[in-house]
Protein chains: 4
Amino acid sequence: MRTFRLVIACPDRVGIVAKVSNFLASYNGWITEASHHSDNLSGWFFMRHEIRADSLPFGLDAFREAFAPIAEEFSMTWRITDTEQKKRVVLMASRESHCLADLLHRWHSDELDCRIACVISNHDDLRSMVEWHGIPYYHVPVNPQDKEPAFAEVSRLVKHHEADVVVLARYMQILPPELCREYAHQVINIHHSFLPSFVGAKPYHQASLRGVKLIGATCHYVTEELDAGPIIEQDVVRVSHSDSIEDMVRFGRDVEKMVLARGLRYHLEDRVLVHGNKTVVF
Amino acid sequence: MRTFRLVIACPDRVGIVAKVSNFLASYNGWITEASHHSDNLSGWFFMRHEIRADSLPFGLDAFREAFAPIAEEFSMTWRITDTEQKKRVVLMASRESHCLADLLHRWHSDELDCRIACVISNHDDLRSMVEWHGIPYYHVPVNPQDKEPAFAEVSRLVKHHEADVVVLARYMQILPPELCREYAHQVINIHHSFLPSFVGAKPYHQASLRGVKLIGATCHYVTEELDAGPIIEQDVVRVSHSDSIEDMVRFGRDVEKMVLARGLRYHLEDRVLVHGNKTVVF
Amino acid sequence: MRTFRLVIACPDRVGIVAKVSNFLASYNGWITEASHHSDNLSGWFFMRHEIRADSLPFGLDAFREAFAPIAEEFSMTWRITDTEQKKRVVLMASRESHCLADLLHRWHSDELDCRIACVISNHDDLRSMVEWHGIPYYHVPVNPQDKEPAFAEVSRLVKHHEADVVVLARYMQILPPELCREYAHQVINIHHSFLPSFVGAKPYHQASLRGVKLIGATCHYVTEELDAGPIIEQDVVRVSHSDSIEDMVRFGRDVEKMVLARGLRYHLEDRVLVHGNKTVVF
Amino acid sequence: MRTFRLVIACPDRVGIVAKVSNFLASYNGWITEASHHSDNLSGWFFMRHEIRADSLPFGLDAFREAFAPIAEEFSMTWRITDTEQKKRVVLMASRESHCLADLLHRWHSDELDCRIACVISNHDDLRSMVEWHGIPYYHVPVNPQDKEPAFAEVSRLVKHHEADVVVLARYMQILPPELCREYAHQVINIHHSFLPSFVGAKPYHQASLRGVKLIGATCHYVTEELDAGPIIEQDVVRVSHSDSIEDMVRFGRDVEKMVLARGLRYHLEDRVLVHGNKTVVF
């Protein structure tokens, strides 16, 4: 069923819900899902509506025009999206295939509602798997001594493919700050630890050294500061003294792919609202 | 903070949210929490608002009068409650103390927002623990050959203490049908299995026999059919071949008390809406 | 690292561990993993050792000969396996690809230590995915009016490929009793519910109807009685009133594939000992 | 059933299990539980046996004498304990009662197999609750300007009560280094975060600020470095944007008390072996 998704953030005050739901009701809009959140600490209000497209008498442009006065009145940051305009996803990977294979299969079996524009990798290992899915594969090697040309090419490809969202599916390279800024809240990373524990390289080794009894994974938006962006989703799995680092890596793969798939899904469904360095996930 | 809780269920159609939020906005009602659910299968709509009492110009009675026309227009089943009118809880227990002790401690440390009117038990074992909390304890033995006098006394005590909700905290006796009917959706039980598995007696023994790898607990409203009422909350814990039935019973106690405490809390906060044999838990 | 796995079940009595560990020590066997379990209810003892192959002066045949007297003395049911002799797996699937794709990827990325002999399906949908992995695909349609020829062909293929284990990766057909008997404790099924709840068809619909708050999946050995065989592994995921049956099916897919992958791994690593209708999983 | 617990750590080499199990078998010792762990990284071996006391012809002293040569041969760090000699526990608490009440109830209902020697608190709030259980309560206020006298008194009380283990059940004061050293691996703390995230004060506030999606608790041995000692047990619970810090504190309480109770139980049952800054928990 085609729906419109109306996503709003604004300073909290009386009457927001009434105004918005009146607006929708006045056009006979059929709400299939509605979520609200008042953040007491920040005094901010968040809202997401999913509305049957066929219940409304107009399309996105007319909706935007009609809604603009309300948005202005309440100083809203807002967007409306149409499920028929699928988001364009660029996937980036390195040598490890588990997250990439998982996302490709979910897309292939119609579980992820998006277009996968292309896959970019600093290695050529996963080409055949990607191309079997009918998706273009770009091998962009990164020269450790001079990474700039590679990231210029990555940037060109992301633009060329008109990416709405870039997913670092265990890409293992740090994106340059200007790319992070340009695609703020549009680049999703999976970090293989339960952040803020074990930032940076080799988190499973760090976890083993500290002797933790649970290991985890964190899906977050990429910001200039490494592994410090707004968290979308996390999960953990139990480990014990009998698990080697290799076991942890193996258990971790399952958590990583589940957490990344959930986080990406929330993003694709316009369920994630970023406020400061935190997220509201409806 | 004192709030009113407005809880609504009605056939789904366009305009319900608009009507209700307009009503609240027209009185300057400050909504601190709002939840909605459209059930596609049943065509039913559910809604819960929490509103700051001090933002409204009137009390419960005036609210009820003012809201009645809307309720009628949309054929609503509805209620409004005031957090200052704490619900009166009657706890029932048998010999095992873990659920009772857990609930008493939560109440004692101001975590459970209710009055505990009294404890009724078919044994006298837990009297001292209950009385230390300053709560009346009634020992009502149940004669297996003739249970009627006991349940007549239970019924009398429940009425006498004007119970809003009765909690079977491992009471281990089956309530008579007429009591179930009279207090429909007001009697909460904790069953020591992950229902619908292992209905009835000795569920941990049943679980051990079947060789399950997780055991659980289920908090549900009591109906005339044993262990078949609407489920409020469930949880599980992992077990293995190395766990004896005694171990399962011990692990199970922790799940039971957590699940019962969560279920009761949801009920006390008017978060549970029953529809048919299922619950919406906001 | 190549290891031998010695797996033993026998009536419990004093001296078993001493005898077995003496035997291993007398040949300088380097134990990398050892697990024991005494079942008090049945009076049975279970044991699994993993021994470095290069620490022993002989191969499997000589081991078997040398160990036979001990096995006889203690009335052991036992086996010893060599990690270099990879088990041969026949996968069976229907139209849904998630479990199959998950197992194939784990095998492809060297996570599952086995040979995949072939895939048998009653539909032709998944051929291309399977053949990309270089694995033979057999389409054996099942005629609902006369299933016998199909299962004769299935039986022939399983024999022809010398399967050590058959995995029903959402095969959706009930195997005939004689096949269950012939391959007792060698056919692994994934059932899409938390057994013993919701045996049989459409468990997610049954779960939705009952209003459970967690749904699950169960990996078990297939026996003649439907969904009643020894359970190897189970897990659950939380659902709420807001999840439709389609959502449950989607959440369930993730649990199914994780539980099946874990269960199969335990089996491949000789970690599962069946006793009566229960399993010991070391 | 009375058992002896034999707990061993030593450099790994061939023949340890054989030697130990031979020793036990030669005295007809009935092993009810046996656990082994070879740590590949450190080359260390760990072992725990539980043996029916009535199956052995001698008591602890004779056992120690007979076993000493084996211990010496393999350079073992080892201990043997008798379940009839219950460990003496000193509980320390501050104002928050949830962990203390939980442990007291578990002890009161015979779930925790120990003696509770006394409770020490820097406040007098929990006296009545403790004394109802028939346990001495010592109020030892801590002067923030001069903490030494308080800790001298704490140290005296711990000695006087011959504590085998001290449990900081949300004590909220940092023990002086000399006490940490004197009772190395005998002081158990519950920290209200998933360490190593959020060391130090107000971890739930830190967690809220970082926007994590799970919060946790960690039970660990106290060392001189704050919140950095060997971890015994951890767990987490899911939170969302809709949970305030107060909600996190409330959810956290349940995790804290469960994790502390499990960690203490493992310690009391001699299941925890410390090696470096990590634990083996059998």
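Below, chains carry the letters A, B, ... as their sequence lines are ordered, and counting in each starts from 1.
Contact detail for D/Asn22 and C/Ala18: the closest heavy-atom pair is OD1-CB, 3.6 Å.
Between chain D and the options C/Val20, C/Ile16, C/Asp12, the largest number of non-hydrogen pairs under 4.5 Å is found for C/Asp12. Most heavy-atom pairs under 4.5 Å with chain D: of the set C/Leu24, C/Val17, C/Thr32, this distinction falls to C/Val17. Between chain C and the options D/Ser26, D/Gly15, D/Ala34, the largest number of non-hydrogen pairs under 4.5 Å is found for D/Ala34.
No hydrogens or angles considered: a donor-acceptor pair under 3.5 Å links the side chains of D/Ser21 and C/Ser21.
Looking at C/Asn40, there are no atoms closer than 4.5 Å to chain D (heavy atoms on both sides), in backbone or side chain.
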* To do: Report the C-alpha distance between C/His36 and D/His36 in whole Å, list the side-chain angles of each, state the deciding distance to 0.1 Å, and finish with yes or no for side chain to side chain contact (heavy atoms under 4.5 Å, CB included).
  => CA-CA 9 Å; C/His36 308 77; D/His36 308 77; 2.8 Å; yes
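Separating the CZ atom in C/Arg13 from the CG atom in D/Asn28 is a distance of 10.5 Å, to the nearest 0.5 Å.
For D/Asp82, the side chain to side chain contact (heavy atoms under 4.5 Å, CB included) criterion is met by D/Arg2, D/Phe4, D/Leu60, D/Glu84, D/Gln85, not counting sequence neighbours.
For NZ of C/Lys278, the number of neighbouring non-hydrogen atoms (other residues, nucleotides, ligands) closer than 6.0 Å is greater than 12.
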